[in-house]
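Here's the structure we're looking at; comments come further down.
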Amino acid sequence: MHQKVIILDFGGQYAHLIASRIRREQVLAEIHQPDEVDLSFFQDEMIKGIILSGGPQSVYDEGSASCDTAIFELGIPVLGICYGHQFLNQALGGKVIPGKDSGKEFGRADLTHDGHCPLFKDIPKTSPFWMSHGDEVSELGKGFDGCASTDLCHNAAVWNETKKLFGIQFHPEVTHSQHGSQLLKNFLDICEVNRDWTIEKFYEEHQASLKKEIGDKHVVLFVSGGVDSTVAFALLSKILGADRVQGLFVDTGLLRQDERDYVEKAITDIGARLTVMDEADRFLGNLAGVYDPEKKREIIGNTFLEVQRAFFKTHQLDENTVLAQGTIYPDTIETGGTKNAATIKTHHNRVPEIQKMIDAGLVIEPLADLYKDEVRALGELMGLPHELVWRHPFPGPGLGVRILCSGELTEESTHRDEKSFSLQRNKKPFDVLPLKSVGVQGDFRTYKHPGMLTVAENDLAELESLSTKLINHYPDINRCVKALGHNYKGRIESTKVLKADINLERVARLQRADHIVTTTMHEMGVYNDVWQFPVVLAPLSFNNTGEESVILRPIDSIDAMSATVGKLPWEFFEKVTAEILKDDSISAVFLDVTSKPPGTIEWE
Ligand code: XMP
């Protein structure tokens, strides 16, 4: 039996991330729904600390998530994060109000603490932490003192020394909070909890529980060649033996250039069983004439199911076979996997039909509790080749989520409509592009326009920081891009969004641009300097040249929950842009300089 910390999940994207951070400190963390555990649950002497997670709701809304506030009187140290911080203060008599627009913060903020609170032990007086909130604590709960603030948030950290209650507005669990893990470590010290949990131990315990769960059934697993499904495949093949695990690789027609050959070879080299299915016509056929991002995801997910059914039909598999998926934790949480979470987007492993199978117990997801970095650690532990384990992650729906579509033709001359393009008229340092992409702010999905920066700046850190400021300030945009180069002449006179769905020609166009990016990263030896590098195609044309724009989205991250712009050398972008623009169907190339939040990593 391990001593542990309980995380009450108020429904943000962060409860499991907090758990993985705590596990990295070798402490067992358990996640529970706040209304499903009562006071008696907390009387377990193995519980040494309680963390209240962030969440998308406002504590003052009727019916918003809550827990039994008597747990604050048990003498167990409590750390409230974001929503948890607001809930804790409100529960003890404080007040929470909506932040004014200028008080809402998304992304990096510099936090200064007063040096008294043990939560900030060994943390510099001023350092960057990650913020994502619309509300703020305006009056502290009874017995609380403030101990840290940012420019826009006065009560960024508060504590009640006698009761060992702590509240923080920022997110220490995301990797971009530079001293976040130190803060969590400090909280664990305050809890005086044993540190005796490791990934090796998880692996051991997990093998036993998977064996029990699967019994003597056979497993079929769709492999994408990505880290997650490959590690899941290798894990199951190891536990059950290769003859009980059948891997299926679907060529969806939405793959990267040369991907099919790479995957076939890599999997065969592991000594596992793989069948390749050529289904490009079926996927592209089902996607023809579809423009809505969520609809596209759903179709791709359902087409995977169609393919699976067709396979089961011809291969006469019986009920002694379960389907396995390499789903990892963020895939489940962003679909609103827990009760209080808002849906940011539907993951292809979580479309309704698959969800039904999951509910019926027909799906095994051996990695569903892990984050990407933990999946990689597990892959290394199992002895998989380093190159395979450290491939950039690639989304299951493939290039399908990176080809933006539009159901109608819209044309804008520079004389723009006052309402939607008011920003430019106000002489702000950006213009608004007439298409939309998905983002995430304050745990909510957004679908807004990108701002196109008009500043001359080339320093990526400066551009990213400008982007954070602008997005915090202007609610119309959720990302900023900077033009890297174009095939049109002169200044922009007209901007067109063409009617476009997913088709062979567009896939080939994106494959080419994506291939240029990947090979140039390898040539310049910078592949491992970024965590992922989506290349996006948008039907955006300027001055009637070309049909599309390409957006480069280099990412620096550890777990995909938070991210900053991958800081590759400027020459890299110049080289890649020149090469991409040799295709005259490309009107312009942009660089996305937005962190996550407020932007997501993918564009939809
Ligand atoms: P976002 O766009 O949510 O992406 O910031 C986070 C990570 O998840 C990947 N991603 C997906 N992976 N199916 C997948 O298998 C999907 O539908 C999907 N959408 C996003 C994305 O590439 C990034 O690594």
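These numbers come from the heavy atoms of this one structure, side chains and all, not from hydrogens, waters or symmetry mates. Each ligand, and each atom within it, is numbered from 1 in the order the structure gives.
- Ionic pairing of Arg376 and Glu380 is not present here: no N-O contact between side-chain nitrogen and carboxylate oxygen is shorter than 4.0 angstrom.
- A donor-acceptor contact under 3.5 angstrom links the side chains of Thr275 and Gln246, judged on distance only.
- For Trp531, no nitrogen or oxygen atom sits less than 3.5 Å from a nitrogen or oxygen atom of ligand 1, counting backbone and side chain alike.
- Only the side chain of Arg297 comes within 4.0 Å of ligand 1, judged by heavy-atom distances.
- When only modelled atom types and interatomic distance are considered, Arg479 and Thr600 share a side-chain donor-acceptor pair under 3.5 Å.
- A salt bridge links Arg391 to Glu259: at least one charged side-chain nitrogen sits closer than 4.0 Å to a carboxylate oxygen.
- With distances taken over non-hydrogen atoms, the option nearest atom 15 (O) of ligand 1 out of Pro534, Gly396, Ser557 is Gly396.
- Backbone and side-chain nitrogen or oxygen atoms of Val401 are examined, and none is located within less than 3.5 angstrom of a nitrogen or oxygen of ligand 1.
- Residue Ile601 places at least one N or O, backbone or side chain, under 3.5 Å from an N or O of ligand 1.
- The pair Lys499-Asp501 fails the salt-bridge criterion, with no side-chain N (NZ, NE, NH1 or NH2) lying under 4.0 Å from an Asp/Glu carboxylate O.
- Numbered from 1 in the order shown, with element, the atoms of ligand 1 that lie under 4.0 Å from a heavy atom of Pro397 read 13 (N), 14 (C), 16 (C), 17 (O).
- Counting atoms of ligand 1 from 1 in the listed order, those under 4.0 Å from a heavy atom of Lys596 are 1 (P), 3 (O), 5 (O), 6 (C).
- Neither the backbone nor the side chain of Trp603 comes within 4.0 Å of ligand 1, counting heavy atoms alone.
- Each of Asp514, Leu591, Val565, Val536 was checked for a side chain to side chain contact (heavy atoms under 4.5 Å, CB included) with Leu552, and the lone residue meeting it is Leu591.
- Between the side chains of Asp359 and Gln355, at least one donor-acceptor pair of N or O atoms lies under 3.5 Å.
- Near Ala560, meaning under 4.0 Å from any of its heavy atoms, are these atoms of ligand 1: 6 (C), 7 (C).
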